[in-house]
Every structure is written in C-alpha cells, then in structure tokens.
Amino acid sequence: MKTLYSLGVAAILLGSPAMAQVVIGGDNDAARHQNRAMQDRAEAHRDSAEARHDAAVGNFYGAAREQNEARQEWRDSRHQEHRADHDDHGGVGIQLGR
C-alpha cells in the first residue's frame, strides 16, 4: 500500500509543472520610465517646433511660453531616465528556481 501511495505521489509530481522562477524585488519599472522619457522628449521637440513657429510669425509671448514648456519636458525626460537607471541598478532582486 505504501509503495502504491509513493508511486502515485511521484506520478503527480512528475506530471505537474515545476516552479520556473520566483522574482522578489523592488519597483523595477525601468521600461516604463524609459517609455515616459521618450514621450517627454517627443513633447519637448513638439514644443520647441511650436516655439520656433510662434517666433517666426511674431508671437514672441507664445514662443517664450512654448520654449519654457519644452525646457520642462526635457527636465522631466532626464528625471525619468534617472529613475530608469535607479530601477535597473538599484534595489535587491532574489531569484529562486531554475
């Protein structure tokens, strides 16, 4: 009876999928921060283009406003890149399994 029970347990263990990997870590959102940085850079380019256009048609107040927005977008982009670097290299990651 014990042999039959042991064979049954062994068959169940062989048939069930093994735990491939468990990852325990912090807020590892580097890809999300990189995507946000790219979006901020694109918005900065658009704002700079709008500032050049506004300046070309004589709307200097609008050009200054757009240029300030572009600078803010560049700052946001650098901040997101910094956060991505921190998520890539900081924190503790533990991997168990295969």
Side-chain angles (χ1 to χ4, degrees):
M1 186 71 175
K2 288 183 183 182
T3 306
L4 184 60
Y5 178 74
S6 298
L7 289 175
V9 169
I12 289 173
L13 288 176
L14 287 174
S16 65
M19 180 176 60
Q21 187 176 25
V22 174
V23 177
I24 300 172
D27 180 24
N28 192 4
D29 291 333
R32 182 175 56 89
H33 292 305
Q34 282 291 354
N35 287 338
R36 185 62 207 165
M38 289 184 345
Q39 289 173 352
D40 288 340
R41 281 192 297 273
E43 290 174 16
H45 285 294
R46 280 191 297 272
D47 288 340
S48 291
E50 287 180 28
R52 286 190 299 274
H53 174 71
D54 286 347
V57 297
N59 182 4
F60 299 111
Y61 175 76
R65 186 182 67 242
E66 291 296 333
Q67 191 61 39
N68 285 335
E69 288 177 11
R71 285 187 190 115
Q72 181 61 43
E73 294 296 336
W74 281 113
R75 280 191 295 269
D76 291 345
S77 172
R78 286 192 300 272
H79 178 72
Q80 290 296 331
E81 288 173 349
H82 175 73
R83 291 183 72 182
D85 281 344
H86 177 72
D87 282 350
D88 267 349
H89 298 51
V92 175
I94 300 172
Q95 296 182 355
L96 304 173
R98 308 188 200 178

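Note: hydrogens, waters and symmetry copies are ignored here, and every other heavy atom, side chains too, is used. In what follows, residues are counted from 1 in the order of the sequence shown.
Rounded to the nearest 0.5 Å, atoms CD (Glu43) and CD (Glu69) are 10.0 Å apart. Rounded to the nearest 0.5 angstrom, His33 NE2 and His79 NE2 are separated by 8.0 Å. With rounding to the nearest 0.5 Å, the separation of CD in Glu73 from NE2 in His45 is 11.0 Å. Distance check, rounded to the nearest 0.5 Å: CZ of Phe60 to CZ of Arg65 gives 14.5 Å.
Proximity of Met38 to Asn35: side-chain heavy atoms (C-beta onward) are separated by under 4.5 Å at one or more points. Glu50 is not listed as a side-chain neighbour of His53, based on a closest heavy-atom distance of 4.5 Å or more. Glu81 places a side-chain heavy atom less than 4.5 Å from the side chain of Arg41.
Taking the side-chain hydrogen bond (donor to acceptor under 3.5 Å, both in side chains) definition, one finds that Gln39 meets it with Arg36, sequence neighbours left out.
No side-chain donor from either of Gln80 and Asp76 sits under 3.5 Å from a side-chain acceptor of the other. Asn68 and Arg71 share a donor-acceptor pair across their side chains, judged by distance under 3.5 Å alone.
Taking both residues in full, the closest heavy atoms of Ser77 and Ala37 are given as OG-O, 3.3 Å, listed atom of the first, atom of the second, then distance.
For the pair Ser48 (side chain) and Ala44 (backbone), a donor-acceptor distance under 3.5 Å is present.
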